[in-house]
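Take a look at the structure below.
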Amino acid sequence: MNGAESLVHTLLKSGVDTCFCNPGTSEMHFVAALDRIPGMRCVLGLFEGVVTGAADGYARAAGKPAATLLHCGPGLANGLANLHNARRASTPIVNIVGDQATYHRPNDPPLTADTEGWARGVSGWVRTAMDVKTVGGDAAAAVQAAQATPGQIATLILPSDTSWNEGGVVAEPLPRLPTPLAAPNQVEEAARALRSGDGEAVVLLIGCGGLSERGLELAHRIQAASGCRVMADTAGKVPRGQGRFAPGGVPYVVDAAVQAMAPTRHVILCAAKKPVTFFAYPGKPTTSIPEGAELHVLARKEQDPIDALERLADALNAPKVAAPDHGPRPEVGRGALTPESFASTVGALLPEGAIVVNEAITYGRGLGPFTRAAAPHDQMSPSGGAIGGGMPLAVGAAVGAPGRRVVNLQADGSAMYTVQSLWTQGREQLDVTTVILSNRKYQILLGELANVGANPGRTALEMMDLGNPDLNWARMAEGMGVEGARAETADAFADLFAASLARKGPFLIELVV
Ligand SMILES: Cc1ncc(C[n+]2csc(CCOP(=O)(O)OP(=O)(O)O)c2C)c(N)n1
């Protein structure tokens, strides 16, 4: 058995059975091993940003890591932005990065790079396999590391000779590392803040795995018992829709965030970080939390947030509460096409169990209120602010959750970063409806430019204009094996959207807004 074969066998034994790939010469033995050993689903992405973003979406949807196969430092580098998004979502991913043979690296051939260094910026665990005999053990350790709470990226670099040499040893899966529990004083301190009677002045900010269905139920009970405000921090996947408690997030715009948090005297962090603004702006604060507000850590990210919320609810004697009723489903938006009528149609037609991948940026601003009373579904979005995550997330979610419709609400500028995702959707016949919100602009940046008081001239405006030439989305989709159509009115959108949800396979709607 060679090293590559021991790697594939070990990954499979450890429960990793899906690999998003973009291989090169140094990975040919791994590729050949995938051919000989049945059981690994291999999904080709035509750019590494698709590969890494898809691995992120897969793990969020499937609840277990996928592997990626990337080529040398440059292949990894092409995938870094979406690995950054995955890191911010605490997504478990096992990267396999093929590299120069150990004895050839000192010759400095063209694709040689600081692969370990580039991996380190996004990975919680990095190792270069140096001997064929350890490759299996290294792979098992990578899977174990990826799944440590709350989830992280593990990158195993595989010099080509460790892959092709004979002497590979398949490793047994390593046990899941135990998740530490919050200490008693963490729960007591949070309970004390909640009992202080301040109600609205206490914010319970929940992130990561704390925003699971169970976590939301507990948060609802805690809110009902204490009158606190519950808010959502970054999480890989958030259950939403009728019957689910629906906390809002801290607003993106600094002034709005400051206003929203103004009454706050206590912030209780549950697998979340103290809120800071996305960016600094001259003369503006960098956190929305008022000065003097106290921070309490109910659970650090590596601690079990659900256990902590259970114990907090118990400490407060918080009684069970009925599932929230968000009222009737929104209606299909007819008449004028606006962010609200668009959002209303999405909320009206979303099928139960759908996965919404939201990279709608400015045109998605109306979505929140309209998805609350929609059929129960899950939402995810690129978590690190690196645009171009949405379409790959949709690919990965569709592979990771077969049978569920994925609805990708997708701003056009961000879509162009990883447009090759459509080809993978076409090839794999993934159940994805992509809605391109075609404003032919970097709209959000026009707003940011206005915020800094600039009076934009032609050069500035041209840097935010995606027209001239206009992108033809339906034709691009068709060129990659995905049927597509254009809608220019709310009614046409509603009809196309409904039809796309009733079919199998991918479909793209360009909504001209
Ligand atoms: C990787 C990366 N590159 C650049 C940016 C800066 N950026 C933020 S939003 C944006 C434009 C978004 O335009 P679009 O996706 O069309 O959405 P719209 O603002 O029009 O709604 C850019 C370039 C970023 N956040 N991430």
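Just so you know, ligand 1 is whichever comes first in the structure, and atom 1 is the first atom listed for that ligand.
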Ignoring angles and geometry beyond distance, decide whether [X] reaches within less than 3.5 Å of ligand 1 through its nitrogen or oxygen atoms.
X	answer
Ile444	yes
Gly413	yes
Lys441	yes
Ile387	yes

Could you please spell out the steps behind the side chain to side chain donor-acceptor pair (under 3.5 Å) verdict for Ser123 and Thr155?
-> CA-CA 6 Å; Ser123 310; Thr155 301; 2.8 Å; yes
Ligand 1 versus [X], non-hydrogen atoms closer than 4.0 Å: side chain, backbone, both, neither?
X	value
Leu437	neither
Asn439	side chain
Ser414	both

Can you pull out the closest protein heavy atom to [atom]? Residue, atom name and distance to 0.1 Å, please.
atom	result
atom 25 (N) of ligand 1	Gly385 O, 2.9 Å
atom 17 (O) of ligand 1	Ala411 CB, 3.3 Å
atom 12 (C) of ligand 1	Tyr442 CD2, 3.9 Å

Can you list the ligand 1 atoms lying under 4.0 Å from a non-hydrogen atom of [X]?
X	value
Ala386	26 (N)
Tyr417	1 (C), 3 (N), 4 (C), 23 (C)
Gln443	18 (P), 19 (O), 20 (O)
Thr362	18 (P), 19 (O), 21 (O)

For the pair [X] and [Y], find out whether any cationic side-chain nitrogen is under 4.0 Å from an anionic carboxylate oxygen.
X	Y	value
Glu213	Arg240	no
Arg127	Asp138	yes
Glu428	Arg41	yes
Asp99	Arg105	yes
Asp431	Arg503	no
Asp255	Lys284	yes

Heavy-atom contact under 4.0 Å between Gly388 and ligand 1?
-> no
Protein heavy atom under 4.0 angstrom of atom 6 (C) of ligand 1, is there one?
-> no
How long is the gap from CG on Leu83 to OG1 on Thr91, to the nearest 0.5 Å?
-> 10.0 Å
Would you say Thr286 and Val276 make side-chain contact, with heavy atoms under 4.5 Å?
-> no
Is any side-chain heavy atom of Leu409 less than 4.5 Å from a side-chain heavy atom of Phe342?
-> yes
